[in-house]
Amino acid sequence: MAGLMADFGHYTHAIVRGVPASLAKDALRIVQADIDVVKAQREHEAYVEVLKTRLGLEVVELPADESLPDCVFVEDAAVVCGDTALITRPGAESRRRETELMKKTLKDLNLKIVEMTDETATLDGGDVLFTGREFFVGLSKRTNQRGAEILADVFKDYAVSTVPVVQGLHLKSFCSMGGPGLIVIGSSEPAQKALKIMQQMSDHRYDKLTVPDDFGANCIYMNLPNKGHVLLHPTAEQFPESAKVFEKLKDYMLIPVCNMEKVKVDGALTCCSVLFNKKADI
Ligand code: GLY
């Protein structure tokens, strides 16, 4: 386990997918909002550029599919841990076909593929928080108990606990990992309650970093050779008060990433990539 933790946040690869024009009208959303799709596409291009150029990851860019308006949110289609990729069964029927290209891509990258074929199970990757020690799985409108059980069965080396998600789309709509053993969490009552449940379920004492905005808590932590601790976090323009909290983090390469359009369809920073460490022997 110590060896695994030392690797936490060490990614070599990212899978991303383009933003289809159909996102504006047809992407799912909790609150009705008008989307400027060109702005969403530019925002996404900048995100991909950070992964590729600034951080040096090998980025596999999949084409947008107009018949899959939510396809940019690749995180929901697969959970990758070690050399295994669990291809999910997304909770929204309109999103199920997103897994086809994800499966092919991960297979071509030589990951071990396990598919969630049980028709009673649903799981979105946005509901899966991997801490490096264990998994927390949000039980939400998109993810059910059976989905969490299958995940536990696939990643047997880790404990898996479930957490009710009573507000927002996914578990990671209000939390994420900010470093080894550090959970970034929103301030709302449901977010704080979820954190308490995670703390009760675990035999590890996680540190917490509380930010004023729930959505502001969705960050991407990496630990990269020659770069050290890296945190992609929402910009001050989007969440001024939450950004102030991140700015106080010491010894981090802090990278504010604009996500003002995709957030209108409930897309956070983690939603837009599948990150993994493809060791040479995979
Ligand atoms: N728009 C992202 C989702 O609802 O799944």
Side-chain angles (χ1 to χ4, degrees), residues 14-45 47-48 62-80 86-103 116 121-129 137-144 147-148 151 163-176 186 190-191 194 213-220 232 234 238 257-275:
I15 298 175
V16 297
R17 195 164 185 177
V19 177
S22 58
L23 174 123
K25 201 168 136 284
D26 298 326
L28 303 171
R29 66 207 76 182
I30 294 175
V31 178
Q32 252 337 295
D34 291 336
I35 314 289
D36 180 338
V37 83
V38 173
K39 207 167 155 200
Q41 283 163 339
R42 275 203 211 111
E43 191 171 78
H44 190 59
E45 280 160 22
Y47 172 95
V48 173
L62 307 179
D65 181 334
E66 289 301 334
S67 71
L68 296 171
D70 283 294
C71 67
V72 64
F73 303 123
V74 288
E75 172 183 61
D76 294 318
V79 177
V80 181
L86 171 63
I87 306 301
T88 65
R89 188 166 181 276
E93 184 126 27
S94 65
R95 301 198 56 191
R96 298 256 162 89
R97 278 196 307 111
E98 291 174 30
T99 57
E100 291 169 10
L101 186 55
M102 181 57 72
K103 178 177 136 193
M116 192 172 273
T122 60
L123 183 105
D124 280 12
D127 277 315
V128 179
L129 181 70
V137 177
L139 297 182
S140 67
K141 290 185 191 75
R142 298 289 176 80
T143 296
N144 66 16
L151 182 136
V163 189
V165 174
V166 297
Q167 178 175 287
L169 181 60
H170 290 131
L171 177 64
K172 284 189 286 188
S173 301
F174 53 77
C175 68
S176 64
D213 309 282
D214 276 8
F215 236 94
N218 183 287
C219 304
I220 301 177
L232 279 64
Q238 187 172 9
V257 180
C258 180
N259 193 46
M260 312 266 285
E261 280 311 300
K262 289 178 286 178
V263 78
K264 295 179 187 168
V265 283
D266 307 303
L269 294 178
T270 61
C271 303
C272 300
S273 53
V274 171
L275 300 169

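Whatever order the structure lists ligands and atoms in, that order sets their numbers, starting from 1.
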Open item on the list: For ligand 1, give me the residues whose heavy-atom distance to it is below 4.0 Å, by chain and number please.
Closed with: L28, D70, F73, R95, R142, L169, V265
Open item on the list: Going by the rule side-chain contact (heavy atoms from CB on, under 4.5 Å), which residues pair with T270 if we only count those two or more places apart in sequence or in a different chain?
Closed with: E75, K172, N218, I220
Open item on the list: Checking the side chain of R17 only, and the main-chain atoms of A64 only, is there a donor and an acceptor separated by less than 3.5 Å?
Closed with: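 Not a single qualifying donor-acceptor pair exists.
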Which value, rounded to the nearest 0.5 Å, describes the distance between [X] atom [atom1] and [Y] atom [atom2]?
| X | Y | atom1 | atom2 | value |
| --- | --- | --- | --- | --- |
| C71 | R95 | SG | CZ | 8.5 Å |
| C271 | Y47 | SG | OH | 8.0 Å |
| L101 | L62 | CG | CG | 4.5 Å |
| D127 | S140 | CG | OG | 3.5 Å |

